[in-house]
Amino acid sequence: MRADLLLDDVEGLDEALAAVDGFDAALVGGLLRPQPAQAGGLSGLADAVAGTPLASRVAEAAEKTSAGGGDEGHFVALAAARTALLGSVHDALVARVDEVTGRPVADAAAAAPGSGEDRPGNLLVAARGWLCDLARTGWQGIDHDLVGGAAPVVSAMLPDPALRRLATLLDGFAAELAACSPGAALERVPVRRWADLWARALLLTLPGTASAPAVDAATGRLLPLGVDVQEHATAVQAQVHAVFEPADGAASRLVRASVSAPKPDTVVAAGLWQLLRPHMSLLAAVGEGRSVQLDAMPLTAEGDLLWDDARARAGEPADAFTTARVALPAAAAFAVSPLDRHPARIAVPVLVEGYGVADAEDGAGEVVLDVAGCRVRVDTDRVPAAGPLTPAAVASSGACLGLLRWDAGEFLLQPLAVERTVRKKPVAVHAGAWAGGTTDKAGVRAEKAATDAVTVLRERAGKLLRK
C-alpha cells in the first residue's frame, strides 16, 4: 500500500469543492432574492461546469436564479451541476485510492439502471415543489409550517415500493429540518449535509432516476472481510464488506451485503444484533469467521448483494486477515451509479501492516498510524459499541483491516478488525465478532442487558397490537 499517495494533493479537488461550497452557502439564505454573495456562488457553480454538456442549462439557471426568477427547472439544473461536481471529486479520489492499493480498477462504465415503469407523476411533482420551496426559503427561513408540507407527500409515497427510497429520504430530511426549526434561531447550520440531501432528493423526483438497479445472480464463495455497523435512533444496518469468488472462475470482486431493521432508541450496543439476527447465515459467518456459499444470490450492478438466507449456506472457516492478504489484492470493485458518486460514499477495504502509532498533533487522544513515515488518522468515531473492537485495541495492534474513507479534506481509516500480539501469538479482534452470538464475558453481559430491553419492548408492542 502506497500510503504516501494519500497525502499528495489531488489536482482540481480544491477548486471543485470551493464551487460546491459557494452554491451551498447560497442555499443557507435562500434563492428567492439572492444577495450579491449568493449570486457569486451560483455563477461559480456555472463556471465550474463550463465546457460540459450541462454548461448552457446551468448558466441560464444561475442567471435566472440570481435575478430572483428561478423556477423548478432551474433548481434541478443547479442540483445536477452540484451532483456532477461532487461526482468528479469522487472519481478523482477513487482513482487515487486505486493507485494507493494497486488493485484492479473498477469498471469504467456506470452501472446501468434496471427497467422500471414510470411512477405517479403527481407525487414526484409534489415532492419537487416542496424541495423547491425549501430552496427559495433557505435553511435560515425554515419553520414548522414549511417543513410539515412534506408529510402528506411522504404518506402518499410510502405504500408504493418504487417510491419508498425517495419517501424515506424526504421523511428523514424533513425530520432533521423540523428538529432545527425555526431556522432563524440556528447557531450552526449543517450546510454540506442539508445541501447533499436536498440535491439528491430533487434529482430523485425526475422520472427514471429511482428505477430499480439491474440485478444478476451470483453463485460462488463469499469471503467476509468485516462489518460496518451504521446506527440511527430509529434504524440499524450491518453492512458486510467481502470478496466474492464466482463459481465459474471469473475474476473475484468486492461486494457488500447489507441487512437492516427498525429499532427503538433504547436498544443500543450489542442489542443491535438481536434486531438483525433474522439474517443469521450472514451474521453467523461474520461472527464465526466462515465463508458463505451463494446460490443465485441477487447481485446489483453496483456490487450489492440482496441478501436471501435461502440462497446461502455456511462454508469452511475463512480468516478475514488471510482473505485480505491473499484474495483482496486481486478483487476489483463494481461501477458506481451517477447519483451515488459522492466523496462520502467512498469506503474501500484495505489492509495496513507494519505501522507504528504516532502521537496526535492536537493532543485529543486520537489514534494516528505511522505507515512508512506517513500519518493516517483512524476514524475511531465509527468503531461500533456492538463489538469488542476499541480504539485502545487499534492503538496496540500491528495489522489493521479497515475501510479507507475520505472526510473533511483527508483520507481516514475506519477499522473493521485488528491483529494484536498476545503472548507472542497474533490475536484478531473484530468489530463484528458478536454478530452471531458470543461466549465472550463482556459480550454475554451486553447481550443479557439488551435481551431484557428487547423482551420488554416486544411485550409492550404486542399489547398495543392486541388493543
Side-chain angles (χ1 to χ4, degrees), residues 1 3 6-7 97 100 224-233 236-241 267-273 276 283 286-287 289 319-321 324 328 344 346-423 425-435 438 440-447 449-450:
M1 179 170 142
L6 296 176
L7 306 181
V97 172
V100 170
L225 294 166
V227 59
D228 176 21
V229 180
Q230 302 162 3
E231 183 182 356
H232 187 270
V236 60
Q237 175 176 271
Q239 186 174 68
V240 176
H241 292 260
V267 177
V268 295
L272 302 177
W273 299 120
L276 296 168
L283 297 182
V286 173
D319 177 69
F321 282 92
L328 181 58
I346 296 173
V348 181
V350 295
L351 175 65
V352 185
E353 298 183 276
Y355 52 79
V357 178
D359 294 329
E361 294 179 351
D362 57 6
E366 294 180 332
V367 179
V368 180
L369 305 184
D370 185 339
V371 186
C374 301
R375 299 169 62 89
V376 179
R377 190 157 61 89
V378 175
D379 191 353
T380 53
D381 290 340
R382 288 182 179 266
V383 176
L389 185 62
T390 63
V394 179
S396 61
S397 65
C400 181
L401 175 55
L403 300 176
L404 196 59
R405 295 187 177 272
W406 190 87
D407 186 30
E410 66 175 328
F411 284 100
L412 305 173
L413 182 65
Q414 175 191 344
L416 300 178
V418 297
E419 271 189 346
R420 308 167 64 193
T421 300
V422 179
R423 296 179 182 177
K425 292 183 179 180
V427 176
V429 183
H430 296 265
W434 299 346
T438 180
D440 179 90
K441 291 182 179 179
V444 169
R445 287 196 298 269
E447 284 271 2

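Quick note: residue numbers are just sequence positions, from 1. Predicted model, so just to flag it, every value in this text is computed and none were measured.
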Item to check | Which atom of A393 lies closest to which atom of L389, heavy atoms considered | outcome: CB-CD1, 4.3 Å
Checklist entry - Any idea which heavy atoms bring V227 and A238 closest together, and the distance? => result CG2-CB, 3.8 Å
Item to check | For the student: nearest non-hydrogen atoms of F321 and A428, plus distance | outcome: CE1-CB, 4.1 Å
Checklist outcome for this item: One should read off an interatomic distance between L412 CG and E366 CD, to the nearest 0.5 angstrom, of 9.0 Å
Checklist entry - Quick check: does any side chain N or O of Y355 sit under 3.5 Å from a backbone N or O of A372, one acting as donor and the other as acceptor? => result no
Item to check | Interatomic spacing from CD in E410 to CZ in R405 - rounded to 0.5 Å | outcome: 14.0 Å
Checklist entry - Among V348, D379, I346, D228, which residue meets the side-chain contact (heavy atoms from CB on, under 4.5 Å) test with L403? => result D228
Checklist entry - Can you find a heavy atom in the side chain of V383 that is under 4.5 Å from one in the side chain of T390? => result no
Checklist outcome for this item: Shortest non-hydrogen pair, P415 vs V378, comes out as CD-CG1, 3.7 Å
Item to check | Nearest heavy-atom neighbours spanning L328 and L225 | outcome: CD1-CD1, 4.0 Å
Checklist entry - Which atom pair, heavy atoms only, marks the closest approach of V286 to P224? => result CG2-CB, 4.3 Å
Checklist entry - Which of these passes side-chain contact (heavy atoms from CB on, under 4.5 Å) with V418: L401, V352, V429? => result V429
Checklist entry - Rounded to the nearest 0.5 Å, what separation is found between the CG atom of L272 and the CD atom of E231? => result 4.5 Å
Checklist entry - Hey, does L369 have a side-chain heavy atom less than 4.5 Å from the side chain of L413? => result yes
Next on the checklist: I'd like to check L404 versus L6 (side-chain heavy atoms, cut-off strictly below 4.5 Å). Are they in contact?
Outcome noted: yes
